[in-house]
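Only this structure's heavy atoms are used, side chains among them; waters, hydrogens and symmetry mates stay out. Positions are given from 1 along the sequence.
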Amino acid sequence: MKLRNLVSLLLFASLLFLAACGNKEEKEGSTGNDDKKEETYTVEHAMGTTEIEGTPKKVVILTNEGTEALLSLGVTPVGAVQSWTGDPWYDHIAKDMKDVEVVGTESELNMEAIAKLQPDLIIGNKMRQEEQYNQLKDIAPTVMAETLRGNWKENFELYSKAVNKEEKGQEVLAEYDQRIEDLKGKLGDKLNQEVSMVRFLAGDVRIYHKDSFSGVILDQLGFARPEGQDVDDFAEKGVTKERIPAMDGDVLFYFTYETGDGEANKLAEEWLNDPLFQNLEVAKQDKVYEVSDAIWNTAGGVMAANAMLDDIEKFFLEQE
């Protein structure tokens, strides 16, 4: 066992050495014979300050919402963590990720795979990967966002700065903000409808509040929320059936985190057919809609945000 650990340690150390040599050669080669240095810039982030030389060309991204941010900025990462659902990517990004290497998951990184890619920038998240930060920055300059919940825009601005594409980032945000304003105008009085959100996971039911990915977007649009959900926190977890009345609203969207064993779907079916749920006014009015868990919650990035706006248009404007 000790010999195996030693071999793994030596292998990882050699990969670190090769990554460092590769990065050095690339940087030296890019200067040509005139000895001109590429522009350097500094990024302040959740784990400190990182200096980056030249616009990064080989980026490894360690969160799903970060992957969407890079793609929207015109940057295809060389490596990325696997989507929480999908094989290995969410359906809405799969076409843009064909040549991207999987480097583990958000909660379980493959450090050897990351080092092997010889990146010149790594982008991660303190909430997920604080313990791995020192290892990551030994491989390449590393920038860490603070958290993953709530408003995706905060992380997006950091990512656009990290890859030296702040101007493009501002364009993406401006387009999104304009879309929010346009949609608010189209929705009009429909924004007075109280929107309820419920999520089903294997062994857990949650009622989602305002400081969640979809909660923030509903708030940006100006939708009303049921009184118990109109609070500035993430969600009520571990909901029991006695709390079903708190799910009522004018419209209810539910999403299910199904990992493949069928347990989450089974739980959702059980609750949706429960007499208490069927007695909700929103159920009687046939205003209960299933939406994608990846789009409304799990992916958490700019592409998912725009896809969620597509859903809002469909349910409130096209199904009249």
Side-chain angles (χ1 to χ4, degrees), residues 61-69 71-72 80-94 105-107 125 127-128 145 147-156 176 180 195-221 223 225-226 228-239 243 246-247 249 251-261 263-269 271-272 288-316:
I61 183 72
L62 305 180
T63 64
N64 286 282
E65 44 89 50
T67 299
E68 294 194 8
L71 293 176
S72 71
V81 289
Q82 182 173 338
S83 299
W84 290 116
T85 56
D87 186 23
W89 315 114
Y90 294 125
D91 290 343
H92 67 283
I93 65 169
T105 66
E106 287 187 10
S107 55
N125 189 280
M127 179 178 170
R128 288 278 193 258
T147 187
L148 284 169
R149 292 174 178 167
N151 194 345
W152 59 268
K153 287 184 179 182
E154 296 172 5
N155 287 357
F156 182 89
Y176 175 79
I180 287 285
V195 177
S196 177
M197 289 194 301
V198 177
R199 189 185 191 207
F200 298 100
L201 306 87
D204 190 17
V205 178
R206 301 177 179 180
I207 299 175
Y208 272 59
H209 298 163
K210 293 171 67 176
D211 193 25
S212 59
F213 174 73
S214 44
V216 167
I217 294 173
L218 291 178
D219 193 52
Q220 289 170 341
L221 288 168
F223 272 106
R225 300 293 304 278
Q229 300 178 34
D230 193 25
V231 288
D232 292 319
D233 62 21
F234 178 58
E236 179 182 350
K237 302 179 182 180
V239 172
R243 292 288 293 150
M247 297 177 177
V251 180
L252 186 150
F253 294 106
Y254 74 93
F255 30 103
T256 305
Y257 183 65
E258 176 55 62
T259 59
D261 60 6
E263 291 301 312
N265 285 334
K266 182 179 177 181
L267 185 67
E269 184 178 0
W271 278 60
L272 294 173
V288 177
Y289 303 112
E290 181 178 12
V291 290
S292 164
D293 185 84
I295 297 300
W296 281 62
N297 186 74
T298 318
V302 58
M303 297 171 72
N306 277 292
M308 179 176 164
L309 295 184
D310 291 340
D311 285 345
I312 294 293
E313 288 185 353
K314 178 177 72 174
F315 287 112
F316 286 93

> Can you name the side chain to side chain donor-acceptor pair (under 3.5 Å) partners of Gln229, sequence neighbours left out?
Replying inline: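 Expected list: Ser196, Arg225.
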Any heavy-atom pair between the side chains of [Y] and [X] that's under 4.5 Å?
X: Asp310; Y: Ile295; answer: no
X: Leu272; Y: Tyr254; answer: yes
X: Met197; Y: Ser212; answer: yes
X: Lys210; Y: Val216; answer: no
X: Glu65; Y: Asn155; answer: yes
X: Phe316; Y: Phe223; answer: yes

If we count only N and O atoms by modelled type, under 3.5 Å, do the side chains of [X] and [Y] hold a donor and an acceptor together?
X: Gln82; Y: Tyr90; answer: no
X: Trp84; Y: Asp293; answer: no
X: Arg199; Y: Tyr257; answer: no

Between atom [atom1] of [X] and atom [atom2] of [Y], what is the distance when rounded to the nearest 0.5 Å?
X: Leu201; Y: Glu258; atom1: CG; atom2: CD; value: 10.0 Å
X: Asn125; Y: Ser107; atom1: CG; atom2: OG; value: 12.0 Å
X: Phe255; Y: Met308; atom1: CZ; atom2: CE; value: 8.0 Å
X: Ile180; Y: Ile217; atom1: CD1; atom2: CD1; value: 6.5 Å

>> Please determine whether the number of non-hydrogen atoms from other residues, nucleotides or ligands lying under 6.0 Å from atom CG of Asp261 exceeds 12.
In response: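 Yes.
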>> Quick check on Asp91: does its CG atom have over 12 non-hydrogen neighbours (other residues, nucleotides or ligands) under 6.0 Å away?
In response: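 For Asp91, atom CG is not crowded (no more than 12 foreign heavy atoms under 6.0 Å).
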>> I'd like to know if Lys237 and Asp204 make a salt bridge, using a cut-off of under 4.0 Å between side-chain N and carboxylate O.
In response: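 Salt bridge absent between Lys237 and Asp204.
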> Do Glu236 and Arg206 sit within salt-bridge range, that is, some charged N less than 4.0 Å from a carboxylate O?
Replying inline: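 Salt bridge: no.
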